[in-house]
Asker: 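My questions will all concern the structure given below.
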Amino acid sequence: MSGPVARPILRVSDLEVRYGGVPAVRGFGFEVYPGEVLGLIGPNGAGKTTTLFAIMGILEPSGGEIEFEGSVINRLPPERIARLGIAMVPEGRRIFSEFTVEENVRLGLMGRADAGGEADDLDWVYSMFPIIDEFRSRTAGQLSGGQQQQLAIARALVSRPRLLLLDEPTLGLAPVIVDTLFEALGQVRGRGVSMVLVEQRAQLAVQFADRTIVMRDGELVTSLEPSDASDADRLANAYFGS
């Protein structure tokens, strides 16, 4: 006999999001399971960031339902959603450049549901990103783009999320920094944190994620497995349409 099927940590059903009267996401749905990394790829304007914003409560859906750990979160404010256990690393990092690196990291503690284990989580992110540890006393605006991205991820992780949303984490970064970030995300996966990874580097996302869904014109068009990462034609057809 097979074992019990795990309940999704996140379920998005028939999601509709509009900007004014223009639909950006239409009837979109997917599930993420505990400990799973779900890739979300597609061309610019497909609705990927809009979907993450809806999950995080930054945008209010015009239709559909978003459930986190079995509870509907559609109408909750972002602060409440964060305290439930969801953190987001937005495109462009959005760190506070005038604050020190350490102050930026500690801002993530405000999203925790409880205060226990703060020191251990801070030690963990500093060990995972040694450059952030080294530059704790610098103002964040002095960091390079890659260092700021590491800071943004560290800040999200100290909130101890059970679901991490990542929006284009490698955008504009050199390959060596991309490798560093994905090594860190591998450690995050090892801790059982579920992730939704929006990533412009489609091959990298498909290879890293447990499975990847492809979005185009606000809709789900197909799904891919890690084995598809080496199939350039399949990736291109999935991304742009055959």
Side-chain angles (χ1 to χ4, degrees), residues 5-92 94 111 113 152 156 159 161-169 171 193-200 202 205-206 209-225 228 235 237-242:
V5 177
R7 183 179 71 176
I9 189 171
L10 177 73
R11 177 181 281 122
V12 177
S13 307
D14 297 319
L15 183 65
E16 304 273 347
V17 184
R18 294 176 175 270
Y19 290 107
V22 180
V25 177
R26 300 176 291 186
F28 189 48
F30 61 92
E31 296 176 342
V32 182
Y33 290 87
E36 182 181 34
V37 178
L38 179 75
L40 176 55
I41 63 173
N44 290 339
K48 306 181 299 295
T49 297
T50 297
T51 298
L52 296 190
F53 279 1
I55 295 168
M56 200 67 220
I58 298 168
L59 290 175
E60 184 174 325
S62 54
E65 194 167 81
I66 302 170
E67 294 179 45
F68 178 66
E69 296 186 326
S71 298
V72 176
I73 62 171
N74 290 43
R75 300 292 182 264
L76 297 181
E79 316 85 67
R80 175 63 179 145
I81 290 173
R83 289 188 179 277
L84 289 176
I86 304 178
M88 182 173 175
V89 180
E91 180 184 340
R94 301 186 190 178
S159 70
R162 292 185 296 285
L163 175 65
L164 182 64
L165 310 176
L166 298 129
D167 193 7
E168 303 283 12
L171 187 64
V193 178
S194 302
M195 290 181 255
V196 177
L197 172 65
V198 170
E199 177 54 53
Q200 59 164 348
V206 173
D210 295 298
R211 59 190 174 91
T212 299
I213 55 177
V214 184
M215 199 175 190
R216 197 162 58 237
D217 296 326
E219 299 177 323
L220 174 66
V221 292
T222 192
S223 61
L224 301 168
E225 300 297 325
D228 293 316
L235 283 178
N237 288 339
Y239 212 83
F240 301 111
S242 54

Asker: Run the side chain to side chain contact (heavy atoms under 4.5 Å, CB included) check on Leu171 and Gln200 step by step: do they pass?
Answerer: CA-CA 7 Å; Leu171 187 64; Gln200 59 164 348; 3.4 Å; yes

Asker: With the side chain counted from C-beta on, respond yes when Leu40 and Val214 share a heavy-atom pair under 4.5 Å apart, and no when they do not.
Answerer: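 Of all side-chain heavy-atom pairs linking Val214 with Leu40, none is under 4.5 Å.
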
Asker: Between Phe30 and Leu220, is a side chain to side chain contact (heavy atoms under 4.5 Å, CB included) present by the stated rule, with each step listed?
Answerer: CA-CA 9 Å; Phe30 61 92; Leu220 174 66; 5.9 Å; no

Asker: Looking only at non-hydrogen atoms, find the nearest pair between Ala156 and Pro161 and report the distance.
Answerer: O-CD, 3.5 Å

Asker: So do the side chains of Leu197 and Leu164 get within less than 4.5 Å of each other, counting heavy atoms only?
Answerer: no

Asker: Any ion pair linking Glu36 and Arg211 (charged N to carboxylate O, less than 4.0 Å)?
Answerer: yes

Asker: If we only count heavy atoms from C-beta on, is the Leu10 to Tyr33 side-chain gap below 4.5 Å?
Answerer: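 Contact flag for Leu10/Tyr33 side chains = no.
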
Asker: Where the side chain of Ser13 meets the backbone of Gly29, is there a donor-acceptor pair that is under 3.5 Å apart?
Answerer: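 No; judged by distance alone, with no hydrogens or angles, the pair does not exist.
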
Asker: What closest approach, in Å, do Arg18 and Gly20 show between heavy atoms, and which atom pair accounts for it?
Answerer: CB-O, 3.6 Å

Asker: Once you round to the nearest 0.5 Å, how far does OH of Tyr239 lie from OG1 of Thr222?
Answerer: 14.5 Å

Asker: Indicate yes or no: at least one non-hydrogen side-chain atom of Leu52 is less than 4.5 angstrom from one of Thr49.
Answerer: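 Sidechains of Thr49 and Leu52: no contact.
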
Asker: Show the nearest heavy-atom pair for residues Asn74 and Pro61, with the distance to one decimal.
Answerer: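 In terms of heavy atoms, the two residues are closest at O-CD, 4.1 Å.
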
Asker: Side chains of Leu38 and Glu31: closer than 4.5 Å at any heavy-atom pair?
Answerer: no

Asker: Please evaluate residues Leu224 and Leu235 with respect to the criterion side chain to side chain contact (heavy atoms under 4.5 Å, CB included), reporting the C-alpha separation (whole Å), side-chain torsions for both, the decisive distance (0.1 Å), and the verdict.
Answerer: CA-CA 8 Å; Leu224 301 168; Leu235 283 178; 3.7 Å; yes

Asker: Where do Met195 and Leu163 come nearest, in terms of heavy atoms and distance?
Answerer: N-CD1, 4.1 Å

Asker: Over all heavy atoms of both residues, which pair between Glu219 and Arg26 is shortest? Give the atoms and the distance, please.
Answerer: CG-O, 3.6 Å

Asker: At what distance, to the nearest 0.5 angstrom, does CD of Glu225 lie from CG of Asp228?
Answerer: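 Going from CD on Glu225 over to CG on Asp228, the span is 6.5 Å.
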
Asker: Do the side chains of Ile73 and Glu67 get nearer than 4.5 Å, heavy atoms only?
Answerer: no

Asker: What I'd like to find out is whether the side chain of Ile81 reaches to under 4.5 Å of the side chain of Phe68, using heavy atoms alone.
Answerer: no

Asker: With the side chain counted from C-beta on, respond yes when Ile9 and Arg162 share a heavy-atom pair under 4.5 Å apart, and no when they do not.
Answerer: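 A side-chain contact under 4.5 Å exists here.
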
Asker: If you measure from CD1 on Ile41 to CZ on Arg216, what distance do you get to the nearest 0.5 Å?
Answerer: 10.5 Å

Asker: Distance from Arg75 atom CZ to Glu60 atom CD, nearest 0.5 Å?
Answerer: 4.5 Å

Asker: Taking all non-hydrogen atoms of both residues, which atom of Pro78 and which atom of Ile58 are closest, and how far apart?
Answerer: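 In this case the closest contact between Pro78 and Ile58 is CG-N, 4.1 Å.
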
Asker: Just verifying a value: how many Å separate Phe53 CZ and Asp167 CG, rounded to the nearest 0.5 Å?
Answerer: 6.5 Å

Asker: Rounded to the nearest 0.5 Å, what's the gap from CD on Glu69 to CZ on Arg7? Could you check?
Answerer: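 Glu69 CD to Arg7 CZ: 7.0 Å, rounded to 0.5 Å.
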
Asker: Give the C-alpha distance, both sets of side-chain angles, the deciding distance and a yes or no for side chain to side chain contact (heavy atoms under 4.5 Å, CB included) between Ile55 and Leu165.
Answerer: CA-CA 9 Å; Ile55 295 168; Leu165 310 176; 3.9 Å; yes

